[in-house]
Protein chains: 2
Amino acid sequence: MPPDSQEAVDWLSVLGLLRYASPRRLTHVPVALTPYCAPQHLLKTVTALSSPFQLLMHRVADDWAFLEDTLGTAARHDDFLQRLFGFRLRENSQPWRLLISRNDFFVVPEGAGLGLRQVEFNTISASFPHLAERLFRFHQLLYRNQPDRLSVLLPNDPLTPISTGIAEAVQVHGASNGVVLMIVQPAESNRLDQRGLEQRLLQQHGLSTVRATLADVAVQGKLRDGTLRLGGERVAVVYYRAGYTPSDFVHPDAGAGRRLLEASDAIQIPDLAMQLAGMKKVQQRLTSLEVLTRFVSESQAAELLEVCAEMHSLDADSKDAEFALAEASKHPERFVLKPQREGGGHNVYGAEIVKLLAEMPPEERSGWVLMERLHPVPHDAVLLMDHQSQSLRCVSELGRYGVLLAKGNEVRLNKDAGYLVRTKGAEVDEGGVSAGYACLNSLVRER
Amino acid sequence: MPPDSQEAVDWLSVLGLLRYASPRRLTHVPVALTPYCAPQHLLKTVTALSSPFQLLMHRVADDWAFLEDTLGTAARHDDFLQRLFGFRLRENSQPWRLLISRNDFFVVPEGAGLGLRQVEFNTISASFPHLAERLFRFHQLLYRNQPDRLSVLLPNDPLTPISTGIAEAVQVHGASNGVVLMIVQPAESNRLDQRGLEQRLLQQHGLSTVRATLADVAVQGKLRDGTLRLGGERVAVVYYRAGYTPSDFVHPDAGAGRRLLEASDAIQIPDLAMQLAGMKKVQQRLTSLEVLTRFVSESQAAELLEVCAEMHSLDADSKDAEFALAEASKHPERFVLKPQREGGGHNVYGAEIVKLLAEMPPEERSGWVLMERLHPVPHDAVLLMDHQSQSLRCVSELGRYGVLLAKGNEVRLNKDAGYLVRTKGAEVDEGGVSAGYACLNSLVRER
């Protein structure tokens with residue numbers, strides 16, 4: 001029997017598992033009261049994939065020609081992508097790159113058993129590393145009197161490797177008393193997750209964090225000898241929790257702020273190339289063995305391909321596009337249409353796909369990819385939203401955090417960093433926790 | 001310059017410094033953004049007073065004749081006091097007593113300098129031991145970039161000695177797998193403070209806590225061989241966070257629940273005698289050297305008297321009463337009229353004193369004491385309430401937690417356990433944080 005909602009909200013509050021419902025109203029984050037159970041062998045596989053995928057993305061990000069080739073056409077019709085390309089400088093002022101990634105998967109039926117399919121690889125602003133750890137503590141407290149459940153709950157602490165990675169980047173950067181600059185949205189409802197990281201950086205590594213919007217950087221930032229200074233502090237590392245979506249550039253100063261960061265010698269999480277490497281069109285191209293083997297060994301490529309979903313380019317010059325468009329118009333329920341965007345709410349499903357493709361000027365199709373619609377194995381769960389719990393048929397998305405610190409072939413750090421589970425009603429298309437679609441969850445291994 | 005309110009609310013949320021504004025609405029607790037500064041020598045004095053005051057109260061509680069003599073007349077006209085006396089059993093089923101106290105003081109002008117005056121000694125349900133520790137962490141984070149402020153902030157961690165005291169009581173009780181029974185009010189807006197203690201007991205001592213109202217105990221509790229069982233668990237220790245106010249006995253089963261606890265061999269925090277020893281009439285009697293020396297040495301008595309406020313009995317047979325009543329009617333602004341109650345909102349001030357005493361049947365006066373109105377030294381502070389901060393002329397009440405575990409002359413534990421500061425506008429009479437009158441605060445020592 002799951003615990004009662006009131007007790008659950010108590011523990012969520014004690015642990016700071018909260019968000020802003022509005023600027024002056026706090027509420028608990030939506031959570032699942034029943035941890036998600038995944039087969040042990042898949043958990044092992046998915047954990048082992050963090051390093052290879054990160055290394056792949058590092059090599060992709062190092063191949064600017066490949067990024068231009070993959071995204072160039074789309075950028076011509078996509079203001080946001082074009083803007084990102086526009087930030088590129090002739091000379092890269094900082095060769096080191098820190099990646100804090102989250103590799104998101106569904107567990108799907110495969111043959112007679114179960115398999116994994118990658119939903120997406122997040123290279124920027126991978127959220128919830130703090131709340132994910134708190135959620136593990138939450139389930140620990142919730143099931144404190146049920147030893148059989150407690151013993152299979154999988155420990156989770158993404159902040160330790162993530163904050164250690166950031167501290168190592170600060171050291172690599174070398175500025176004495178260098179601080180971490182966190183680029184934030186002006187009114188971020190999920191900023192308590194960010195505060196948790198700030199707290200950890202301070203208490204575990206004695207590192208100060210300065211929060212600023214891109215526009216703040218434009219106004220307050222100064223470059224001196226290549227180093228960015230902000231409010232009297234030297235910025236060693238820039239951590240983007242904004243700058244991944246067009247609305248982050250609506251402010252007239254935001255672009256100037258982003259350019260200043262690009263011109264500085266701060267180590268960026270992630271740098272521009274890595275942000276671009278996280279685009280769906282790149283993911284789509286990496287579903288081909290031929291392309292994959294440009295970056296990794298054939299055996300490694302085969303391993304990665306095992307978890308790749310079927311994806312189609314809609315570029316006019318793609319051999320695949322015509323077939324894919326025909327399939328999508330016949331069986332739209334089999335596909336998801338995805339733009340080059342991060343964050344929830346952008347994807348298009350079912351009949352809307354046909355409608356949108358019909359209305360869209362053909363040259364704009366290049367900005368989208370068509371992905372097979374994945375059918376994660378459904379399971380029962382109890383969800384707690386706005387102080388009320390309900391039992392529901394659900395699906396869960398399993399993400400693995402990872403940290404990579406590298407400069408070309410010099411890879412100083414490349415490791416898995418824990419997990420995030422988001423559980424939502426099986427009938428819900430989108431998956432954002434902050435958007436209220438999905439619930440944070442923990443993992444239990446099979447008993 | 002104090003930090004901005006938004007950042008402050010962020011940290012309060014991350015640290016779980018919250019309360020329920022209504023059953024389904026969370027809000028941050030009201031806090032002062034500017035820690036309270038008290039003279040070093042007074043901080044030393046007040047800390048050193050925890051043990052002597054606890055030992056005094058332990059001896060008072062062991063003297064049932066004294067309690068009856070002091071409170072008997074009042075109990076005749078006070079249903080609540082009468083009810084408490086009614087719970088007394090011929091035979092005490094558990095000789096051990098655990099006291100978790102809070103000794104509350106004001107810093108007041110004294111001669112050319114400053115002195116301390118005791119406001120009250122809380123023997124039951126001393127609240128905020130968890131939030132007090134969190135608040136210290138809050139101010140640490142708030143002033144993380146101001147080393148001069150940070151270095152004078154006084155560390156505070158009441159939960160460590162308190163949970164250790166409870167764990168020791170469980171051991172003394174001896175039941176294997178004994179649990180802590182926390183007696184709670186059915187809808188406690190401050191229950192996150194209680195959850196913090198539960199969490200600590202579990203994580204630091206492996207102790208389970210069962211929460212129940214007095215009525216729950218009546219319905220679910222069973223005595224077997226003197227030991228109370230509730231939900232299959234053996235209760236080693238009962239911790240009262242309810243049962244201190246008449247409304248806790250409105251439920252028709254509450255009295256039966258309280259009686260069951262009294263009949264059990266559980267160690268109570270506090271036992272009935274200690275609860276009664278916390279009444280204002282006892283405090284008033286203990287302001288006399290003659291009475292004090294019945295319990296402690298003359299030199300010890302003199303030391304305690306230094307911090308006692310002027311208090312008057314209103315018993316008909318008191319030599320003092322007539323003079324006190326005359327004074328109160330001439331100068332009501334110099335007094336506070338206090339009943340035998342815990343929790344905020346019961347005290348009477350100024351002109352209301354004259355009115356109430358005039359309306360009251362003379363025999364009911366015995367239920368009240370007249371205390372000099374203390375004038376704590378005012379100071380400036382920034383208070384944060386409901387997401388908004390304001391600078392205000394304030395006064396602060398300084399409480400010291402204490403833990404005592406004893407059986408007659410066998411005192412196993414008697415120590416100070418950290419502090420609580422509550423800061424409120426200088427014009428506000430009452431002081432409850434949960435009632436919204438006052439703000440939690442931390443201490444800084446003079447620089």
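Numbers restart at 1 for each chain; the letters A, B, ... are given by sequence-line order, proteins then strands.
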### Summary
Rounded to the nearest 0.5 Å, the CG atom of A:Leu18 sits from the CG atom of B:Leu18 at a distance of 5.5 Å
Once you leave out hydrogens and angles, what donor-acceptor pairs under 3.5 Å do chain B and chain A share?
residue, atom, partner, partner atom, Å
B:Asp10, N, A:Tyr20, OH, 3.4
B:Asp10, OD1, A:Tyr20, OH, 2.5
B:Asp10, OD1, A:Arg191, NE, 2.8
B:Asp10, OD1, A:Arg191, NH2, 3.2
B:Asp10, OD2, A:Arg191, NE, 2.8
B:Asp10, OD2, A:Arg195, NE, 2.8
B:Asp10, OD2, A:Arg195, NH2, 3.2
B:Tyr20, OH, A:Asp10, N, 3.4
B:Tyr20, OH, A:Asp10, OD1, 2.5
B:Arg24, O, A:His387, NE2, 3.1
B:Arg24, NH2, A:Asp386, O, 2.8
B:Arg191, NE, A:Asp10, OD1, 2.8
B:Arg191, NE, A:Asp10, OD2, 2.8
B:Arg191, NH2, A:Asp10, OD1, 3.2
B:Arg195, NE, A:Asp10, OD2, 2.8
B:Arg195, NH2, A:Asp10, OD2, 3.2
B:Asp386, O, A:Arg24, NH2, 2.8
B:His387, NE2, A:Arg24, O, 3.1

### Task
Measure distances from A:Leu15 to the heavy atoms of chain B and classify the residue's part below 4.5 Å as side chain, backbone, both or neither.
both
### Per-residue contact mode, B:Leu192 against chain A (heavy atom under 4.5 angstrom)
both
### Task
Pick one of side chain, backbone, both or neither for B:Leu26, based on which atoms fall under 4.5 Å of a heavy atom in chain A.
both
### Message
Listing request: all salt bridge (charged side-chain N to carboxylate O under 4.0 Å, His left out) pairs with a residue in residues 173-184 of chain B, at least two apart in sequence or in separate chains.
### Response
none
